[in-house]
Amino acid sequence: MTPSPPKGMTPLARREARLAWGLLAPTLISVAAVVVLPLLAVFWISFKPIGLADLRPPQVLIRESLRDRDGALTVEYRLRNSSQDVEIRNVVLTDTLPEGVRVAGALPGPCHLNDAGLICSFDSVPGGFRDRLRFAVEADDPEHAEELVELSEPQIRGTAPNVLTNLTFTTENFRKVFDGGQFLNVLGVTLFYTIFGTVGALVVGLMAALLLNKSFKGQGILRGLYLFPYVAPIIAVAFSWLILFDPFSGSANALLIQMGVTEEAINFFGEKPLALIMVTVFEIWRYFPLSFLFILARMQSIDSEMYEAADMDGASPFQKFWYLSLPQLLGILSVLFLLRFIWTFNKFDDIFLLTGGNAGTRTLTVDVYEQAFAISNIGAGAAVAVVIFLCLLLFSVFFFRVMSREEGL
Amino acid sequence: MGGISLRGVEKWYGDVQVIKGIDLEIADGELVVFVGPSGCGKSTLLRMIGGLEDISRGALEIDGVDMTSEPPSKRGLAMVFQSYALYPHMSVAENMGFSLKTAGVPAIEIEKQVVEAAEILHLTEYLHRRPKDLSGGQRQRVAIGRSIVRDPTAFLFDEPLSNLDAALRVGMRLEIARLHQKLDATMIYVTHDQVEAMTLADRIVVLDYGQIAQVGTPKELYEQPQTRFVAEFIGSPKMNILPCSVTGGQYHLRWGRGGKTTGHDGATHLGVRPEHITVVSSGGGQCDGRVSVVEYLGADCFLYVDAGRLGQITVRTSGDSPISAGAQISLKFDAAKLSFFGADGNAV
Amino acid sequence: MGGISLRGVEKWYGDVQVIKGIDLEIADGELVVFVGPSGCGKSTLLRMIGGLEDISRGALEIDGVDMTSEPPSKRGLAMVFQSYALYPHMSVAENMGFSLKTAGVPAIEIEKQVVEAAEILHLTEYLHRRPKDLSGGQRQRVAIGRSIVRDPTAFLFDEPLSNLDAALRVGMRLEIARLHQKLDATMIYVTHDQVEAMTLADRIVVLDYGQIAQVGTPKELYEQPQTRFVAEFIGSPKMNILPCSVTGGQYHLRWGRGGKTTGHDGATHLGVRPEHITVVSSGGGQCDGRVSVVEYLGADCFLYVDAGRLGQITVRTSGDSPISAGAQISLKFDAAKLSFFGADGNAV
Amino acid sequence: ETIQFWTTEEQPERLEKQQQMAADFAEASGVEVEVIPVTESDLGTRTTAAFAAGDLPDVIYHPLQYALPWAEAGILDTEAATEAVDALGRDTFAPGVLEMADFDGDVASIPVDGWTQMIVYRKDLFEEKGLEPPTSYDNVRAALEALHNPPEMYGFVAATKVDENFMSQVLEHVFLANGVSPVGPDGFQTLDEAKTIEVLEFYKSIADASPEGDLYWDQSRTLYFSGDAAMIIWSPFILDELAGLRDSAPPTINDDPTSSELASKTGIVTNFSGPSNPDGAAWADVRFFGITADAETDAAMEFVKFSMDEGYGQTLSIAPEGKFPVRKGNADNPTAFTELWATLPVGVDRKAPLGDLYAQEMIDEIVGGLDVAQRWGVQEGQLALASKMINSQAINRIVRQYIDGEIDAGAAVAAMNDELSAIE
Amino acid sequence: MKLFYWGWLTGAILGALWMLTVATTIAVVMSFATGEAFRPQLWYCTLWGLVFGRPYDRPRSLLINVPLFAAVMGYFSNYQIGSLAFDADIFSPSAILSILTLSLAFLGGMRIIYGDLPSGPLTRHEFEDAVIRFLTGFGYIFFTAIVAIPFYVMVMTSLKNQQQLVANPLDFSLDLSQGWGLFRSYVELFRDFNFGTYLLNSLIISVLTVVITLAFSIPGAYAVARLRFKGQALFSRSILLIYMVPIIVLALPIYIAFSMTGLRNTFVGILLIYPVTTIPVALYMLQGYFRGLPYEVEEAGLMDGLSRLAVIWKITLPLALPALASVSLYVFMIAWNEFLLAFMLLDDPSKFTLTRGISSLNSSEIPRQHLMAGSVVATVPIMALFLGLERFMTKGLTAGSVKG
Ligand SMILES: Nc1ncnc2c1ncn2[C@@H]1O[C@H](COP(=O)(O)OP(=O)(O)OP(=O)(O)O)[C@@H](O)[C@H]1O
Ligand SMILES: Nc1ncnc2c1ncn2[C@@H]1O[C@H](COP(=O)(O)OP(=O)(O)OP(=O)(O)O)[C@@H](O)[C@H]1O
Ligand SMILES: [Mg+2]
Ligand SMILES: [Mg+2]
């Protein structure tokens, strides 16, 4: 008989697992609340025909006033359906009449009085409904009647369909997203931006790392300096670039014109292909420090004896780079590539601040914002968000393949 | 084809002198071991020969040619590093062939040489593995193979075995000894382990704080140490060093008795190795003591004897010795095997 | 006050069984050493006793109380780790007093105990240093001091000396031996170094792949190994194991000659330790061979003899042996000291 | 009691004036007003979001394009607005302006001030070359012919940045000039292909005479100020800086940033005509005070009434060059506010009344525009729909595609009809 | 390739390239510093670089060579055939300064680049070493330029007024006679634009974010790093996954939810959402750190009679202090720099963070020196922190992986 492992957990193991879950719980709950729930919400909303204004379900708005028309006191309720086209059902208005104020004339049709006060019911209030309910009252103290009457706020209830929570769904949003050349265009721009931005940042970062991979005085300062673009607030650097490259009063143009590179000012962030190139260059500029940092860290962890062995083996500097450094860096480079790829794909602020998605720089993330907020079509925005999310899932699969090979980044 | 000579070689790091003027001739085909305690400058000296560190002062000749300021690639030496320093992303074959590849040797020729070297080192079946898929000993063999392929003027080894476990170390030590017999090449071998030094070396160079303490064959070093430092460094368990005085053919232990000897006037200490002490009945030897710990090792047994003010004396007896801890014994020194040292630590 | 007993203790990692049912009684005050090759489960077993790993099956009693599922803090044991595991952010005194502090002992009392332990271990002058300002040996002493202060039921040591260099290791080994004599406490000591095991242990437990291969005093293990595994593991250089057959009071080496013996029928291999072989003139011994390498060690000399198809045989001779590499010699085995093993590897 | 007032006039000095008015109001009525600046481009989303959250402010100062859509969405309390206008007196308002805010007989929002869009041109150059003022497509083309000479001189600086309101405004003006509108009395009205193509071709010709890239008000002004553009379309807000009264946007045509030289060389046109609409049209923007559905109605109404009466002078003085009074006077004096306005100084770093800077007939031309001004959908009663069409920026996008040569004129008209018809 | 292995040829080519680099650099620097027109002349740079770029005779000192070379260059420049052309008079201080720096940079640089380069045939090593030294020099100039220029423009713009800049966008020289008037836009920012409040808001929010993030992620990270339970491996993976969800995708529903619950426009709302964007990062970083701590020390604590929680508190945390500092700094940086959520969720100027405040300065009506001054105000604290605690920051960045 071959021995078999015992089933179940030992008491010590159970205690440890319980502690672990306890420690994880706050994080899990908060992350779920702010990441998982919103994600689900995005999926939900993407199937909803919903604009920003639809978030507030239609309701009946009411205003009460007491008019003194030539000595005759009249209470007036003005009712209004906040929506022009949605019907509100079972509308009931209730209000209490204050002490010393009595109904004097006939009540309007839907209303009646009981102990508590006035009740008016409507079966249904159609879209665009507006009405005034008036009735005469008499008061003991007409001077202060107005204050008294308006002190008691009228209450109104009614049920209206809420697009956000009801069960009407539509694929309209997705149809809109995929319709027309727009989507392919946006996708193309996104891919250009992502691929060149990522590769560029890696290559530039690699060069910077090669530059600083030796110890000399001031190396720390230079390293710190080269990290500035990444560490500074995005909004500050984005605006600096805009001002630097302003077509009319930017220093870059002035410099180029002065050096005779160009005759006319170039509208760096305003012209069709150039703007996309510029935002990509900005992306490279802003994120090369990160690749630089990682590559440098990896380089410094390469056993220096290996290079000494190569010295003994007679390898030249370029041979050392090509045959030794580069293969050793491949792992970190591929991990960086994938991570940066995903992050660049997700990038929003940079383009939003630089061009607002114009001049052919509208990426998927900018599209989310444009759809949801500029056009106030939340549903369409959510649909784009879903598309993004699905793309990312795809990348993540790749990512974990590579990651498991290059564990312990 | 592989003589190396050092002339007044010095190494300074800023104001600190790490190698203090070394003169040494290494003959072609000789296996020389640099040994010494940690930090004494063994690696530095080796790396200076290899060209990985500059020589601050002095000259280095290899095969009669001055190489003092040539880069490593021009010296024609091969080095085996303590951490193996294999290229982790290359297969064993690529690792071994790399030096030829950088020199532009055609692929077929490289292959031939690599296979040849791999056969010598029994690595043939691992040629396509990556270093990380090899055991420590195999890696060390690849590192050696990489040197052999280059057919160098001389081999430099920097503590090649210190990352291996005890059993493997013994095995690899033997292999290196056999390799030396076979290749008949000049080898310089650095270690801090005196056992390795003793067992491998044609000649041992004992370094002490950047200076040569003694150069000689293992036997010379063991039997005629020229300084207390060498005497204590070579041999395990350590030589016992006891204060004494010598007058007219007689030595006299402080806090103990004495015996006959010849010469050695002016000595202040005598050295006696554990195996040159015999246990005799109380009062019969040069000094008395109480056995504090007995270490049984099978074939041998080490007695740590507490000899009062003389301190602890180590005695080696055979494994079936009946003495146990707490016994009161007397120790008799073999008069012919004693070493005597003066106040300056040199042998007299 | 410190007996420990293990009853059918097993450890499973998922489907892999690492400890395969260990039964062991450790008496109060005994120093037991777990020894075995790397990966055989020594550390795991020790950590199970300490409570740092769960016991998958079986039971553990300390001092007669079942402790199988108690957390470490309840077991009253102290452990000394290979990496010392000192608290780097505390001074030596704080490190040593920490366990008392967590137990709520008043500060004055803690101080007293710490000072006492520091005296035993010669640490008094370092009490206010941080661990990083100590040498390796001092750190190891602090780690031991930390255990002593707790006055534990038993001490657990996990390869405490393996991070020290050779010379220091010998010294610390002696100190632990003395400490054991002085405290007279139960100690379990894990090492993979058979020398340490032999020199320290009251009893040695040899582990082989999660099972006990043999338990016994050092002498028993050296002289009467019950398996080939133990025979080869204990003793340095290794015991020579040679194929043979035994019939009617006579053994006969394959590819060699034989000799007299008693019993041992059915043995397929004999084992002979290097010191039980003497060199005789050609043809005079049990087998002949050519000396391939001579390792000179001062007091001793190891001859590696190439005995043709019998393989390599190691022989120990004295340091002044005149034999050199290449000599053709014959080897004679000491008949009284031979071990014989059957086909299953067990002694017969 | 405290009410909240959102304003798009968010520069510190303008804000200060509004806060001053709010303080005056607080003194008069006891109601505190919190003045909150909102960037104009965010106004739409922020208001909608606040509506969704139920925390709308009480009063919003907003441009015309939001008036009707917000009324429809239930964001504005049209009854309160009507009541306020009635209380102020309908007849004290400029008639066309109330019409713009008409919401089924109610007033969606209370009109506050307005301005007309102008073609600003270099009178000196026109005179030099003997050109007619740019009052029509043809005149403009003729001028382009004569004056376009890049990079020293661009004939025009057209608006081409599709997400800027500025482009919508300029385009609407050009469309109106040729009598083209996407809305009719029954909602969407197919764009007349022939007329629209005339518009597109005209727009392309001015875009071709402009620099490359995404242009909007900023480049127009910068180029005109540096003397590198012959014509631009701009709002009257340019009038003060044109005269060198503002350091942050100085004329750079000569070395003196405070000179009014450029102003003296400048002519303006408000009414503009195309070949199919010889009468032409002006384009006006009107700003409103909207009282919201969540407002403290009475206090809000009081505040609005105050700002339109006692505080009206302060309201206008924020930037008189771009805020013409839509309420001409009060019951006592039907022209009280027009008179007051003429005396208000303009400028930021230096101040002077407009009358000191420009000839009277030019001022009359500017102000008169407001009376004849048009917007899509106003006459048809479809302003709300028209606003949505404009806000969708579909026209901007398609025109831009046409200008960039991505589609031809016919396709552009078809695309516009297609996209606009989908908006409801 | 072999063709180039000649000292004089390699030298000449490197000389031409180096001359181009140096001349362009000096032209840009001088233009930015003085506003005057300086141009590198492509063809003359190449020509003079080829002519003068031969392996340098080492014994002669720069002290003699630089003035000599400068005289020659100045002579050429006077006839507009020098490497550097300028409109200023050849004897004007800026012209002299630029010619002298050009000479020094060219000769000094070449001296370093040549190293031991012989003028005859080269070995591969010598050739590559020289090329690498050139590339290194070029690299330092290139990287320093691309990093420093935007920041230079940012700072200088904030100190000038718009009118001066429109007049000559290259003239960043400061009129020091204004004294404190230089900082006019800063004064106005704090006086008229409430930047004091924004600064405070940003500080409060960032610090609270750090505190909350740590409070949540320390226990979580410890559990993932150290404790054995089912799903542990899955967890350490999925932390990274959360990292990959784009903020804009989350921002949309959060915007909706916050709008409907009235959390928009409140510090509470911001403090709910900021930590959640940073917790995954912190969790990932901390679990890495915790894994790196020697487990045996914690086991020693267990053997010494501590419970798990006590081990975390008394042993792990004190040991992880540097790590906590790195994580805190990194989280602080994320919170401080965060723009998108602040932009979407904050409307009320009294609650603006700095980044949100800056974005409200981006208006046609506000002079852009204010915008740049605002940017400087937001950048300086984070830079100061960064430079002061570079070690922790860099560590934080490296461990924080690739959050961007
Ligand atoms: N770069 C350096 N700067 C200053 N001192 C150094 C440097 N490198 C080595 N040393 C010093 O030189 C001495 C010799 O170092 P070396 O590495 O040669 O010793 P070693 O004998 O090889 O020791 P080990 O057995 O530990 O390898 C040491 O004291 C060391 O501190
Ligand atoms: N967490 C684990 N999961 C699976 N197997 C493990 C785990 N920990 C240890 N093992 C296995 O258990 C066996 C025993 O390990 P252990 O550390 O006890 O060996 P050891 O005898 O102490 O070796 P060493 O001398 O190298 O310390 C090894 O084969 C190891 O691979
Ligand atoms: Mg060394
Ligand atoms: Mg172990």
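Only heavy atoms go into these numbers, but all of them, side chains included; no hydrogens, no water, no symmetry mates. Each chain gets a letter, A, B and so on, in the order the sequences are listed, and its residues count up from 1.
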Of the listed residues (A:F395, A:F389, A:W241, A:Y369), which shares the most heavy-atom pairs with chain E below a 4.5 Å separation? A:Y369

Among E:L170, E:T379, E:T24, who wins on heavy-atom pairs under 4.5 Å with chain A? E:L170

Select one option (side chain, backbone, both, neither) describing which atoms of E:S31 are under 4.5 Å from chain A's heavy atoms. side chain

Looking at every heavy atom in both E:E128 and A:Q319, which two are closest together, and how far apart are they? OE1-N, 4.2 Å

I'd like to verify something: which residue of A:P26, A:G224, A:A41, A:P317 has the highest number of heavy-atom pairs under 4.5 Å with chain E? A:P317

Between A:L210 and chain E, which part of the residue has a heavy atom less than 4.5 Å away: side chain, backbone, both or neither? neither

Counting only heavy atoms closer than 4.5 Å, note whether A:L353 contacts chain E via side chain, backbone, both or neither. side chain

Counting N and O atoms only, with roles assigned by atom type, does the side chain of A:T27 sit under 3.5 Å from a partner on the main chain of E:F216, one being a donor and the other an acceptor? yes

Roughly how far apart are E:L283 CG and A:L24 CG, rounded to 0.5 Å? 7.5 Å

Do E:N337 side-chain atoms and A:V231 backbone N/O form a donor-acceptor pair below 3.5 Å? yes

To the closest 0.5 Å, what do you measure between CZ (E:R226) and CG (A:L19)? 13.5 Å

Point-to-point distance, once rounded to the nearest 0.5 Å, from CD1 of E:I256 to CD1 of A:I50: 6.5 Å

For the student: nearest non-hydrogen atoms of A:S30 and E:V276, plus distance: O-CG2, 4.2 Å

I need the E:F143 CZ to A:L222 CG distance, nearest 0.5 Å. 11.0 Å

Among A:W44, A:F228, A:F345, the residue with the most heavy-atom pairs under 4.5 Å to chain E is A:F228

For this output row, return yes or no: ring centroids of A:W285 and E:F142 closer than 6.0 angstrom. no

Could you pull out the closest heavy-atom pair between A:W21 and E:K230, with the gap in Å? CZ2-O, 3.7 Å

Let me know if A:A315 has heavy atoms under 4.5 Å from chain E in its side chain, its backbone, both or neither. backbone

Spatial distance of atom CZ (E:F138) from atom CE (A:M207) [nearest 0.5 Å]: 8.5 Å

Under 4.5 Å, counting heavy-atom pairs only, tell me which of A:A254, A:A232, A:A236, A:S316 racks up the most with chain E. A:S316

Which atom pair, heavy atoms only, marks the closest approach of E:G139 to A:L211? C-CD2, 3.3 Å

Is the shortest side-chain heavy-atom distance between A:F318 and E:V131 below 4.5 Å? yes

Please report the closest heavy-atom contact between E:R228 and A:E16, naming both atoms and the distance. N-OE2, 2.8 Å

